[in-house]
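Encoded as structure tokens, the structure appears first; notes follow it.
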2 protein chains.
Amino acid sequence: MRSRADNSLAERKRQLVADELRDAALMLLATKGFDVVTVDDIVAAAGMSRRTFFRYFASKEDVVVRFLADTSADIITELATRPPAEPSSVALRHALWVPLAACNDHPEHSERARVVVRLILDTPALHARWLERQIEWRAELAAELANRSGLDPHTDPYPRMAAGMALLALDTVLQRWQPGDDEQHLAKLMDQAFAVVAPALDAPAASPAAG
Amino acid sequence: MRSRADNSLAERKRQLVADELRDAALMLLATKGFDVVTVDDIVAAAGMSRRTFFRYFASKEDVVVRFLADTSADIITELATRPPAEPSSVALRHALWVPLAACNDHPEHSERARVVVRLILDTPALHARWLERQIEWRAELAAELANRSGLDPHTDPYPRMAAGMALLALDTVLQRWQPGDDEQHLAKLMDQAFAVVAPALDAPAASPAAG
DNA sequence: CTATCGGTGGCACTCAGTGTCAAGCAGTGC
DNA sequence: GCACTGCTTGACACTGAGTGCCACCGATAG
């Protein structure tokens, strides 16, 4: 699972700086609001220069969104290792559970993740970037689904739409995530959301994919 | 259909200025690309001042996205007037057909609409704003769906997710929209997309909405 | 003729984001 | 100790988006 991390010194130092900036940014943004906090405020709190911030994060939005959206590779990996005979709804539910499980493994991170989710959903600019990131997830999920089902993603809308429905389910869970919810409650929300889309995810192929 | 337009002189003049700015903006942005064209370029082409542009459009993104996204009210109206007994998939398909039908009514506008769709889908910043606008559509559609089905949108995820699936179908159609496609082809794409989500849209209520 | 009112342009300002360059600071070879 | 190399940082200047403010202009009402 250690793809290209821990180059043992330089990489570790970089990670430290990035964490420092991210922590300062999340603290300020979550408490004061996204619009009123400037990048100058963030770097002042982190004790670094403005230029350094933009070497680690592409934008003010990036530092927030990446806190949630950096797990895309893990999701795809999980989907790729699900048994091929498994219904799409089950495989996708397991794949999208990965980032939530990662939260639950670190309870002290879980609460902050929930706060960040709320910040994103309540801030239009962040919500837009979050959805933009989800578009990438959708493309990757669609490619893997096409792989699983043997469908051609260029002629059949199913893979892309199935991925979209799964992400819609995830969004619904995040929207309904309340303070104090434990892992079991999160799992129940996930089951409810996937129950809605499952009839479409697992329906027998019906689109003739005509042109 | 004339909600609060044509205040017969001042409003007409405002509309004229807005159209001029929009036409100049779409021309430049579609041909040269979103990032390389500045607001200064746009207002120079339209023969107006930079300050005026921002009196009519909230941002450079706004002028593009609003060209497609201003039909939200018509969509909700259409959904509200569909027969209550109609399956959700059919009602939603008719509602989301409204903006596409509006395009087809004006063939000279249709081609430009398709170009703008392509511009939005290919420009990350625009795509993000477009999705952000769709969030509003989703909330309005969800409210109307909750109204139709008698479900409580706060406890039952179905209305929100049904709206999301319908918009996913629309997005799929726009993605697959090719040059030269006539109204019939667009209708076929719409049918294909809704065929995928219909099993979920029309499934018997299965979520106990427990908390 | 004058007061008013909506729209406009010009100007200055904040802030996001980028390119550039001059340090600082490892580690390495001599 | 000294030079060289590679990487990171901070400082500065710059573009461009977006906003607030005010003066101006044309039309209309008195």
Side-chain angles (χ1 to χ4, degrees), chain A residues 4-22 24-26 28-29 32-66 119-120 123-130 132, chain B residues 4-22 24-26 28-29 32-66 119-120 123-130 132:
Chain A
R4 62 105 171 77
D6 62 0
N7 285 3
S8 223
L9 223 152
E11 197 63 34
R12 212 88 62 88
K13 270 162 64 180
R14 277 190 66 83
Q15 192 60 44
L16 213 67
V17 175
D19 287 353
E20 192 70 24
L21 282 168
R22 186 202 47 178
L26 291 185
L28 284 174
L29 294 173
K32 298 191 171 184
F34 184 79
D35 294 326
V36 300
V37 174
T38 70
V39 176
D40 285 319
D41 297 336
I42 295 171
V43 298
M48 306 183 188
S49 83
R50 166 186 182 69
R51 197 64 189 83
T52 297
F53 178 88
F54 286 106
R55 285 200 183 91
Y56 285 85
F57 301 100
S59 66
K60 198 171 72 166
E61 286 127 14
D62 188 44
V63 64
V64 183
V65 171
R66 252 175 47 190
L119 176 67
I120 289 177
T123 306
L126 288 174
H127 203 164
R129 293 293 159 193
W130 167 242
E132 189 186 344
Chain B
R4 60 107 170 77
D6 62 358
N7 284 4
S8 224
L9 223 153
E11 196 63 35
R12 212 87 62 87
K13 270 163 63 180
R14 277 191 65 83
Q15 192 59 45
L16 212 67
V17 175
D19 287 353
E20 192 70 24
L21 283 168
R22 187 201 45 172
L26 291 185
L28 284 174
L29 294 173
K32 299 190 171 185
F34 184 80
D35 293 326
V36 300
V37 175
T38 70
V39 177
D40 285 318
D41 297 336
I42 296 171
V43 298
M48 306 183 188
S49 83
R50 166 187 181 69
R51 197 66 191 82
T52 297
F53 178 88
F54 286 106
R55 285 201 182 90
Y56 285 86
F57 301 99
S59 65
K60 198 171 71 166
E61 286 126 14
D62 188 44
V63 65
V64 182
V65 171
R66 254 177 45 193
L119 177 67
I120 290 178
T123 307
L126 288 174
H127 203 165
R129 292 295 158 193
W130 167 244
E132 189 185 345

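Values below: all heavy atoms of this structure, side chains included; hydrogens, waters and symmetry mates excluded. Residue numbers begin at 1 in each chain, while the letters A, B, ... track the order of the sequences.
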For the pair made of [atom1] in [X] and [atom2] in [N], what is the distance, rounded to whole Å?
X        : N       : atom1 : atom2 : result
Phe54(A) : dT15(D) : CZ    : P     : 18 Å
Asp40(A) : dA11(D) : CG    : P     : 12 Å
Arg50(A) : dC12(D) : CZ    : C1'   : 12 Å
Asp35(B) : dA16(C) : CG    : C1'   : 14 Å
Phe53(B) : dG10(C) : CZ    : P     : 17 Å
Glu20(B) : dT8(C)  : CD    : P     : 12 Å
Tyr56(A) : dG17(C) : OH    : P     : 18 Å
Glu61(A) : dA16(C) : CD    : C1'   : 9 Å

Return the minimal non-hydrogen interatomic distance between Arg129(B) and Val65(B), and the atom names on each side.
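Between these two residues, the closest heavy atoms are CB-CG2, 3.8 Å.
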In terms of heavy-atom contacts, Tyr56(B) and Ala18(B) come closest through CD2-CB, 3.8 Å
Ranking Lys13(B) and Arg51(B) by the position along DNA chain D of their nearest nucleotide, the one closer to 5' is Arg51(B)
Using only atom types and a distance under 3.5 Å, with no angle test, would you say the side chain of Asp41(B) pairs donor to acceptor with the backbone of Thr38(B)?
yes
Check whether any side-chain N or O of Thr123(B) sits under 3.5 Å from a backbone N or O of Leu119(B) as a donor-acceptor pair, and report yes or no.
yes
Val39(B), nearest nucleotide to its side chain (from dG10(D), dA17(D), dC15(C)):
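In terms of side-chain proximity for Val39(B), the closest of dG10(D), dA17(D), dC15(C) is dA17(D).
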Among the nucleotides dA17(D), dG10(D), dG9(C), whichever has the atom closest to the side chain of Thr52(A) is dG10(D)
Side-chain-base donor-acceptor pair under 3.5 Å for Arg55(B) and dG9(C)
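Such a pair is found, so the answer is yes.
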